[in-house]
Protein chains: 2
Amino acid sequence: MKDIFYKYMSRWTSLNEEDQQAIVDEIQIDEFKKGTVLIIQGDTPTKCYFILKGCVRQYAINEEGREVTSNFYTEEQAIAIFNHHKPDKTSDYTFTCMEDSILVVGDLVTEKEMYNKHPQLETMTRRMIEESFSQVQEEFAAFIASSPEERFKTLLMKRPSLIDRVPQHQLASYLGITAESLSRIKKRIHQD
Amino acid sequence: MKDIFYKYMSRWTSLNEEDQQAIVDEIQIDEFKKGTVLIIQGDTPTKCYFILKGCVRQYAINEEGREVTSNFYTEEQAIAIFNHHKPDKTSDYTFTCMEDSILVVGDLVTEKEMYNKHPQLETMTRRMIEESFSQVQEEFAAFIASSPEERFKTLLMKRPSLIDRVPQHQLASYLGITAESLSRIKKRIHQD
DNA sequence: CTCATCTCTTGACTTAAGTCAATGCACGTA
DNA sequence: TACGTGCATTGACTTAAGTCAAGAGATGAG
């Protein structure tokens with residue numbers, strides 16, 4: 001499992017193998033059962049996560065008490081929650097495992113120590129964050145410009161595995177439509 | 001004008017005043033006329049920008065030849081475009097000044113030198129990027145969960161100055177609806 | 001001043017998404 | 001096995017967003 005993280009990290013840094021291995025040796029990897037709640041909406045998270053295997057859903061309960069899914073994280077994605085600019089530092093979202101998962105667990109409290117200990121780690125994470133940020137910006141721009149049917153088609157193209165891994169009504173929520181509408185869109189598409 | 005940037009920067013770093021001033025002394029500030037194109041879709045940008053005064057629109061021409069607006073940047077916002085993960089490093093968007101603007105201009109080529117010269121600069125930019133990223137994630141999640149009317153209301157609440165500064169049909173595009181629909185939504189709201 | 005261009009509103013009409021409800025199927029637990 | 005729960009589909013109906021087009025007003029250039 002650590003190989004996966006090692007390989008992933010190699011994309012981001014010019015650390016020599018020794019330093020890179022030192023970082024990898026220090027990371028904590030845990031297994032979580034399907035249904036595990038990693039972070040609860042309203043709580044202040046002390047951990048961050050990187051997915052080696054599995055799928056994690058990000059959702060919130062809105063003012064009407066309904067669940068609204070805002071993201072699914074899968075293999076080789078970091079669950080990037082930055083809340084230190086918020087006064088109370090609480091998370092607006094709940095994160096749960098949609099299936100048995102294996103995650104790298106980072107400690108937000110000792111984050112700074114890690115940066116001091118491995119000076120190039122900050123460059124690495126900055127670049128990782130930049131890519132994630134860039135991708136989210138692109139996805140957001142595409143979402144704005146798309147109809148619900150186009151959004152579903154994009155999902156089929158870019159993240160087909162989600163279809164098998166998460167319930168359709170949650171996918172619908174993630175696409176900003178109702179489960180009924182998604183059902184109809186699927187029917188329409190399969191007739192084409 | 002440099003005061004604005006200095007004050008903004010103070011939020012992000014524990015640099016002493018001297019170091020901070022050194023960075024501020026080094027930055028380049030330019031004025032741009034309304035209509036100036038900063039970055040053209042398809043080109044490879046060599047500059048990045050931070051807005052001291054003014055408004056910049058991000059848009060793309062889609063496959064049907066229509067303009068789709070995906071963001072407006074206003075005072076104290078960085079135009080954060082990270083494309084080094086793309087093979088050809090080109091920008092998917094065009095950026096134009098919606099009004100006369102004053103911008104901090106950063107050079108992407110000498111970026112690394114700046115980080116080496118001011119070691120804490122990287123921490124500062126990482127934290128700035130983290131906040132921007134967090135905000136975009138929140139906006140994206142809210143967008144997904146909202147109806148067009150709710151999106152407009154949110155815009156009224158969070159960024160009211162955009163109403164006076166950009167044409168309504170571009171606002172509509174940014175909200176993912178047609179100009180006609182936005183007109184109708186405004187009418188509906190003003191009757192309430 | 002005239003004219004062209006751009007922007008916004010509005011009406012008529014269409015389309016698709018939302019709401020409510022019912023049905024059937026799959027799965028997990030006792 | 002029976003039952004409860006969760007999920008997906010479907011129908012009836014409503015609502016709102018999209019499309020097309022026209023009209024009016026504002027602005028800038030010649």
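In what follows, chains carry the letters A, B, and so on, assigned in the order in which the sequence lines appear, proteins first and then strands, with residues in each chain numbered from 1. Below, all heavy atoms of this structure are taken into account, side chains as well, without hydrogens, waters or symmetry copies.
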Peer 1: Write down the protein N/O and nucleotide N/O pairs, taken from nucleotides 20-30 of chain C, whose separation is under 3.5 Å; answer none if there are no such pairs.
Peer 2:
| unit_1 | atom_1 | unit_2 | atom_2 | d |
| --- | --- | --- | --- | --- |
| dC20(C) | N4 | Glu180(A) | OE2 | 3.2 |

Peer 1: Give, for atom CZ of Phe72(B) and atom CG of Leu171(B), the distance between the pair rounded to the nearest 0.5 Å.
Peer 2: 5.5 Å

Peer 1: To the nearest Å, give me how far apart CD (Glu150(B)) and C1' (dG18(C)) are.
Peer 2: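 To the nearest whole Å, that distance equals 13 Å.
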
Peer 1: CZ of Arg188(B) versus C1' of dG11(C): gap in Å, rounded?
Peer 2: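 Checked: the CZ to C1' distance equals 16 Å.
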
Peer 1: Measure from CG on Asp164(A) to C1' on dC7(D) and round the result to the nearest Å.
Peer 2: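 Distance, rounded to whole Å: 15 Å.
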
Peer 1: The side chain of Ser183(A) is closest to which nucleotide in this list: dT10(D), dT19(C), dA16(C)?
Peer 2: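 It is dT10(D).
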
Peer 1: Evaluate the ring planes of Phe133(B) and Phe133(A), with Trp represented by its six-membered ring, and classify them as parallel (under 30°), tilted (30 to 60°) or perpendicular (over 60°).
Peer 2: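 Rings of Phe133(B) and Phe133(A): parallel, as their planes differ by under 30°.
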
Peer 1: In whole Å, I'd like the distance from the CZ atom of Arg151(B) to the P atom of dA16(D).
Peer 2: 14 Å

Peer 1: Working to the nearest 0.5 angstrom, can you tell me the gap between Ile27(A) CD1 and Phe50(A) CZ?
Peer 2: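 Spacing of CD1 (Ile27(A)) from CZ (Phe50(A)) equals 9.0 Å.
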
Peer 1: Tell me which nucleotide among dG18(D), dA16(D), dA17(C) gets nearest to the side chain of Pro148(A).
Peer 2: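 Looking only at heavy atoms from C-beta outward on Pro148(A), the closest nucleotide is dA17(C).
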
Peer 1: Name every residue in residues 166-176 of chain B that has at least one heavy atom under 4.0 Å from any atom of DNA chain C, in order of residue number, or write none if there are no such residues.
Peer 2: Pro167(B), Gln168(B), His169(B)

Peer 1: To the closest 0.5 Å, what do you measure between OG1 (Thr154(A)) and CZ (Phe143(A))?
Peer 2: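 It is 10.5 Å, given to the nearest 0.5 Å.
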
Peer 1: Look at atom CD of Glu18(A) and say whether more than 12 heavy atoms of other residues, nucleotides or ligands are closer to it than 6.0 Å.
Peer 2: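 12 or below, so no.
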
Peer 1: Please state how far atom CD in Glu149(B) lies from atom P in dG18(D), giving the value in whole angstrom units.
Peer 2: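 Going from CD in Glu149(B) over to P in dG18(D) covers 13 Å.
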
Peer 1: How about Arg57(A) and Thr69(A): does a side-chain donor come under 3.5 Å of a side-chain acceptor?
Peer 2: yes

Peer 1: Can you tell me how far C1' of dC8(C) sits from CD1 of Ile177(B), to the nearest Å?
Peer 2: 14 Å

Peer 1: On a heavy-atom basis, which atom in Leu175(A) and which in Arg151(A) lie closest, and how many Å separate them?
Peer 2: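 Taking Leu175(A) first and Arg151(A) second, the nearest heavy atoms are O-NH1, 2.8 Å.
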
Peer 1: Please determine whether a side-chain nitrogen or oxygen atom of Thr178(B) lies at a distance below 4.0 Å from atom OP1 or OP2 of dA17(D).
Peer 2: no

Peer 1: Can you check the Ile185(B) CD1 to dT10(C) P distance for me, whole Å?
Peer 2: 14 Å

Peer 1: Whole-Å distance between dA8(D) C1' and Ile163(A) CD1?
Peer 2: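 In whole Å, dA8(D) C1' lies 14 Å from Ile163(A) CD1.
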
Peer 1: Select one nucleotide: of dT19(D), dT9(D), dA17(D), the one nearest the side-chain heavy atoms of Ser181(B).
Peer 2: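 Of the options given, the side chain of Ser181(B) lies nearest dA17(D).
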
Peer 1: Determine to 10° how strongly the helix from dC1(C)-dG30(D) to dA30(C)-dT1(D) is bent, judged from the axes of its five-pair ends.
Peer 2: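 The helix from dC1(C)-dG30(D) to dA30(C)-dT1(D) shows an end-to-end axis angle of 50°.
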
Peer 1: In plain terms, say whether Arg184(B) and Glu180(B) are close enough for a salt bridge, that is, a side-chain N and a carboxylate O under 4.0 Å apart.
Peer 2: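 Salt bridge: no.
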
Peer 1: For Arg66(A), does the CZ atom sit with more than 12 other heavy atoms under 6.0 Å from it, leaving out its own atoms?
Peer 2: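 Incorrect, the count does not exceed 12.
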
Peer 1: Please indicate whether Gln168(A) has more than 12 foreign heavy atoms, meaning atoms of other residues, nucleotides or ligands, lying under 6.0 Å from its CD.
Peer 2: yes

Peer 1: Between Thr123(A) and Glu122(B), do the side chains contain an N or O donor and an N or O acceptor separated by less than 3.5 Å?
Peer 2: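 Present: a donor and an acceptor within the cut-off.
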
Peer 1: Quick one: is dT10(D) close enough that its OP1 or OP2 comes under 4.0 Å of any side-chain N or O from Lys187(A)?
Peer 2: yes

Peer 1: More 5' along DNA chain C: Leu182(A) or Ala179(B), using each one's nearest nucleotide?
Peer 2: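 First, find each residue's nearest nucleotide; the 5'-ward one identifies Ala179(B).
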
Peer 1: Assess, by modelled atom type and distance only, whether the side chains of Gln135(A) and Glu139(A) contain a donor and an acceptor separated by less than 3.5 Å.
Peer 2: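 The criterion, which ignores hydrogens and geometry beyond distance, is not satisfied for Glu139(A) and Gln135(A).
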
